[in-house]
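All values reported here derive from a predicted model rather than from experimental measurement.
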Amino acid sequence: MSKALERREKQRVELILAAEKMIAARGLAGLKTRDLAREIGCANGAVYNLVADVDELILRVGSRTLARLDEALTAAETADDPSAQATLIRIAIAYCDFAAENLELWRALFEHRMERGKEVPDWAIEEQMELFRHIYRPLAALFPKRAVEELSITARSLFSAVHGMVALGLEQKLVAVPLPALRKEIAKLVRATLDGLVAGER
């Protein structure tokens with residue numbers, strides 16, 4: 001790699017890290033390319049020599065957030081009781097904890113909307129879908145007779161239920177729930193859901 005390309009790649013990384021820091025501090029709405037350019041020491045227009053547009057920049061930050069979430073879920077998946085139900089409960093609580101500890105970056109994953117007429121690139125979709133393996137694997141162990149598509153739908157449904165509790169519970173408004181209570185309620189939800197699904201298999 002030439003020195004010019006090395007400098008460009010270094011500045012690109014700096015841009016993504018600066019955007020990550022800005023979103024973490026201000027939220028997605030607070031991301032300003034002019035401030036980012038000043039932060040990394042380049043002209044405002046030069047930002048678009050490093051990324052195609054703001055959408056790509058946000059997706060690159062999201063990629064870093066998803067990688068750290070993946071690490072957190074992997075740690076939860078492999079800890080303590082290996083039973084499928086216990087694993088899914090730990091994963092759900094780890095998801096809640098990650099969201100609470102990385103609130104604005106986590107929110108940005110769901111608040112970001114691509115510019116009208118543009119689609120989310122395949123690489124970003126693949127990164128998002130890859131995380132469902134944490135839910136899919138224990139579900140597959142719990143329901144070995146279910147088809148792949150049925151398990152995939154169950155995994156997405158379970159995620160949606162937990163995500164909804166986390167999103168509402170962490171709102172800094174009237175519906176906010178203290179984190180210790182939220183963690184307990186999420187565990188109850190996952191346990192009750194799985195007990196119901198198991199009962200339905202009999």
S.K.: Show the nearest heavy-atom pair for residues P138 and L88, with the distance to one decimal.
M.R.: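 Smallest heavy-atom distance, with atoms named: CG-CD2, 3.5 Å.
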S.K.: Would you say L197 and R146 make side-chain contact, with heavy atoms under 4.5 Å?
M.R.: yes
S.K.: Measure across A94 and A72 and return the closest heavy-atom pair with its distance rounded to 0.1 Å.
M.R.: CB-O, 4.2 Å
S.K.: With the 4.5 Å side-chain cut-off for hydrophobic clustering, are I58 and I125 part of the same group?
M.R.: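 No, I58 does not connect to I125 through the hydrophobic network.
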S.K.: Could you tell me if the side chain of L105 sits less than 4.5 Å from the side chain of R68, heavy atoms only?
M.R.: yes
S.K.: Flag yes if V61 and W123 sit in one hydrophobic cluster, no otherwise; membership is Ile, Leu, Val, Met, Phe, Trp, Tyr, and two members link when side-chain heavy atoms are under 4.5 Å apart.
M.R.: no
S.K.: Do R12 and I40 make a side-chain contact, defined as non-hydrogen atoms from C-beta onward lying under 4.5 Å apart?
M.R.: no
S.K.: Among residues two or more places apart or on two chains, list those pairs meeting ring pair (Phe, Tyr, Trp, His ring centres under 6.0 Å) that have a residue in residues 8-38.
M.R.: none
S.K.: In residues 14-31, what donor-acceptor pairs under 3.5 Å come from side-chain atoms, sequence neighbours left out?
M.R.:
residue	atom	partner	partner atom	Å
E14	OE2	K10	NZ	2.7
E20	OE1	R64	NE	3.3
E20	OE1	R64	NH2	3.1
E20	OE2	R64	NE	3.1
R26	NH1	G30	O	2.9
R26	NH1	D35	OD2	2.9
R26	NH2	D35	OD2	3.2

S.K.: Given Q85 and D195, is the side-chain contact (heavy atoms from CB on, under 4.5 Å) satisfied, shown in steps?
M.R.: CA-CA 9 Å; Q85 185 177 97; D195 285 345; 3.0 Å; yes
S.K.: Search all heavy atoms of E77 against all heavy atoms of R90 and return the closest pair with its distance.
M.R.: O-NH2, 3.3 Å
S.K.: With sequence neighbours left out, which residue pairs that include part of residues 43-52 fulfil the side-chain hydrogen bond (donor to acceptor under 3.5 Å, both in side chains) condition?
M.R.: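 Only T33-N44 qualify under side-chain hydrogen bond (donor to acceptor under 3.5 Å, both in side chains).
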S.K.: Got a salt bridge between K118 and E56, using NZ or NE/NH1/NH2 to carboxylate O under 4.0 Å?
M.R.: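 No.
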S.K.: Which heavy atom of A155 sits nearest a heavy atom of F132, and at what distance?
M.R.: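 Reported closest heavy-atom pair: O-CE2, 4.1 Å.
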S.K.: Check whether any side-chain heavy atom of V54 lies under 4.5 Å from a side-chain heavy atom of V47, and answer yes or no.
M.R.: no
S.K.: Is there a path from L109 to L170 through hydrophobic residues (I, L, V, M, F, W, Y) whose side chains come within less than 4.5 Å of each other?
M.R.: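 The answer is yes; both residues are in one hydrophobic cluster.
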S.K.: Do L59 and M114 pass the side-chain contact (heavy atoms from CB on, under 4.5 Å) test, and can you show the C-alpha distance, the side-chain angles, and the key distance before you say yes or no?
M.R.: CA-CA 10 Å; L59 289 173; M114 298 290 288; 4.0 Å; yes
S.K.: Flag yes if V51 and V13 sit in one hydrophobic cluster, no otherwise; membership is Ile, Leu, Val, Met, Phe, Trp, Tyr, and two members link when side-chain heavy atoms are under 4.5 Å apart.
M.R.: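 As far as the 4.5 Å side-chain criterion goes, V13 and V51 are not connected within one cluster.
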S.K.: With a 4.5 Å cut-off on side-chain heavy-atom distances among I, L, V, M, F, W and Y, is there a chain of contacts connecting I135 to V148?
M.R.: yes
S.K.: May I ask you to say whether E6 pairs ionically with K3, meaning some side-chain N is under 4.0 Å from a carboxylate O?
M.R.: no
S.K.: Determine all donor-acceptor pairs shorter than 3.5 Å in which one atom belongs to a side chain in residues 157-167; sequence neighbours excluded.
M.R.:
residue	atom	partner	partner atom	Å
S157	OG	I153	O	2.9
S160	OG	R156	O	2.9
H163	ND1	Y95	OH	2.8

S.K.: Show your working on side-chain contact (heavy atoms from CB on, under 4.5 Å) between D55 and H112 and close with a plain yes or no.
M.R.: CA-CA 8 Å; D55 281 330; H112 174 235; 2.8 Å; yes
S.K.: Side-chain polar contacts of residues 176-186 - donor-acceptor pairs under 3.5 angstrom, sequence neighbours left out - could you list them?
M.R.:
residue	atom	partner	partner atom	Å
R183	NE	D97	OD1	2.9
R183	NE	D97	OD2	3.3
R183	NH2	D97	OD2	3.0
E185	OE2	K188	NZ	3.3

S.K.: Please report the interatomic distance CG(L50) to CG(L57), rounded to the nearest 0.5 Å.
M.R.: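 Answer rounded to 0.5 Å: 9.5 Å.
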S.K.: Rounded at 0.5 Å granularity, tell me how far OG in S63 sits from CG in D70.
M.R.: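 Here the rounded value is 10.5 Å.
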S.K.: What distance do I89 atom CD1 and D80 atom CG have between them, rounded to the nearest 0.5 Å?
M.R.: 12.0 Å
S.K.: Is the closest side-chain heavy-atom distance between E9 and L5 below 4.5 Å?
M.R.: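 No; the side chains remain at least 4.5 Å from each other.
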S.K.: Check salt bridge (Lys or Arg N to Asp or Glu O under 4.0 Å) between E71 and all other residues, then give those that pass, not counting sequence neighbours.
M.R.: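 Listed in chain order: nothing, the list is empty.
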S.K.: Can any side-chain N or O of T154 pair as donor or acceptor with the backbone N or O of E150 at less than 3.5 Å?
M.R.: yes
S.K.: Kindly give the heavy-atom pair with the smallest separation between A124 and V120, and that separation in Å.
M.R.: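 For A124 versus V120, the nearest heavy atoms are CB-CG1, 3.7 Å.
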S.K.: Do T65 and L69 make a side-chain contact, defined as non-hydrogen atoms from C-beta onward lying under 4.5 Å apart?
M.R.: no
